[in-house]
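To keep things clear, I will list the structure first and then write my remarks on it.
For this chain, numbers begin at 1 and follow the sequence in order. In each ligand, atom 1 is the first atom listed, and ligand 1 is the first ligand listed.
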Amino acid sequence: MNPNTKPTPLLSCEGLSMHFGGLAALDHLDLDVNPGEILGLLGPNGSGKTTFFNVITGIYRPSGGRVRFEGRDIQGLGPQAINRRGIARTFQRSRLCLELSIFDNLMIGDHNRLNHGLIFNLFQRRRFTRELEGHIERARRMLATFSTTLADNMFVDVGSFPMIDRRRIEICRALIGGPRLLLLDEPSAGMTHEETRQLMIDIIGVARQSQDVTIIIEHEMNVIRRITDRCVVLNFGRKIFEGAYDEMVRHPDVQEAYLGGKGEAA
Ligand code: ADP
Ligand code: MG
């Protein structure tokens with residue numbers, strides 16, 4: 001391939017808008033995401049980051065614009081259909097079932113593969129058992145990329161693990177169906193500085209191990225610095241910057257957006 005040709009984007013948004021009444025949470029957003037990159041999505045509170053994730057994953061139907069994933073339109077599809085196409089996410093607030101085991105929680109994330117009915121489960125016992133063993137092995141391997149303690153305790157209730165492990169489990173749950181695009185919405189919210197540092201190392205590890213997964217991570221600047229290939233900054237639903245981290249922190253529009261907001265920059 002000619003080194004000057006740009007790769008075909010994995011995700012491509014054109015003029016993407018999301019209105020809530022009179023408020024434009026996303027305002028004609030154009031954004032391409034390249035295969036294999038880790039893209040940092042930044043912006044002051046209320047700038048539209050979570051809304052962007054909600055639109056991409058089909059939770060909201062956009063008010064306007066186009067979203068293409070692997071060259072096919074996905075705007076207007078529901079969350080399950082989009083997940084089946086290969087986009088997975090974690091949420092800003094944890095959505096794990098604390099009273100269920102790690103394994104059970106992971107299987108909820110793998111429902112696309114667990115679509116046999118009761119009849120199959122009852123009458124094809126041997127195949128069912130074999131498939132279940134496959135799921136257990138896959139879950140164990142996935143957990144082990146983060147922590148052997150999690151892998152060794154996957155039948156223990158999620159509620160008995162600390163916050164950092166719960167985040168790891170959530171990320172495993174998003175990854176277990178083998179998505180090509182992973183959206184992480186403030187993955188270290190509510191965690192200490194040290195836990196955040198550790199989780200970022202884990203995320204880099206995941207990206208290295210599964211090189212075909214593309215990650216968009218929504219976070220504060222200081223967290224994003226070490227792990228992203230490229231940054232995009234939103235303000236009032238519009239893209240005000242796209243480029244390298246070092247350039248971003250110096251950019252006057254970015255500085256003003258943060259200082260004009262709650263002064264959270266860097
Ligand atoms: P961020 O994740 O960047 O902090 P959000 O995407 O959560 O920002 O919010 C962007 C804007 O859209 C905010 O002004 C927020 O109040 C508004 N918003 C988000 N979701 C809804 C909704 N379901 N109904 C009405 N307004 C919403
Ligand atoms: Mg948010």
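Within the protein, the number of N/O/S atoms found under 2.8 Å from the Mg ion (ligand 2) is 2.
Heavy-atom contacts from other residues, nucleotides or ligands closer than 6.0 Å to CZ of Arg238 number 12 or fewer. The environment of CZ in Phe103 is crowded: more than 12 heavy-atom neighbours from other residues, nucleotides or ligands sit within 6.0 Å. Atom NE2 of His28 is surrounded by 12 or fewer heavy atoms from other residues, nucleotides or ligands within 6.0 Å.
In this structure, the side chain to side chain donor-acceptor pair (under 3.5 Å) partners of Asp165, at least two apart in sequence or on a different chain, are Arg168. With sequence neighbours left out, the side chain to side chain contact (heavy atoms under 4.5 Å, CB included) criterion links Ile204 to Arg208, Ile227.
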Step-by-step side-chain contact (heavy atoms from CB on, under 4.5 Å) determination, Ile216 to Val232
CA-CA 10 Å; Ile216 307 181; Val232 165; over 6 Å; no
What's the verdict on salt bridge (Lys or Arg N to Asp or Glu O under 4.0 Å) for Arg141 and Glu137, showing C-alpha distance, side-chain angles and the deciding distance?
CA-CA 6 Å; Arg141 252 184 284 128; Glu137 187 44 37; 3.7 Å; yes
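A cation-pi arrangement is found for Arg89 relative to Phe91, the charged atom lying closer than 6.0 Å to the ring centre and inside a 45° cone about the ring normal.
A distance limit of 4.0 angstrom between heavy atoms and ligand 1 selects the residues Phe20, Leu23, Ala25, Pro44, Asn45, Gly46, Ser47, Gly48, Lys49, Thr50, Thr51, Tyr60.
Atom CZ of Arg167 and atom CZ of Phe146 lie 12.5 Å apart (nearest 0.5 Å).
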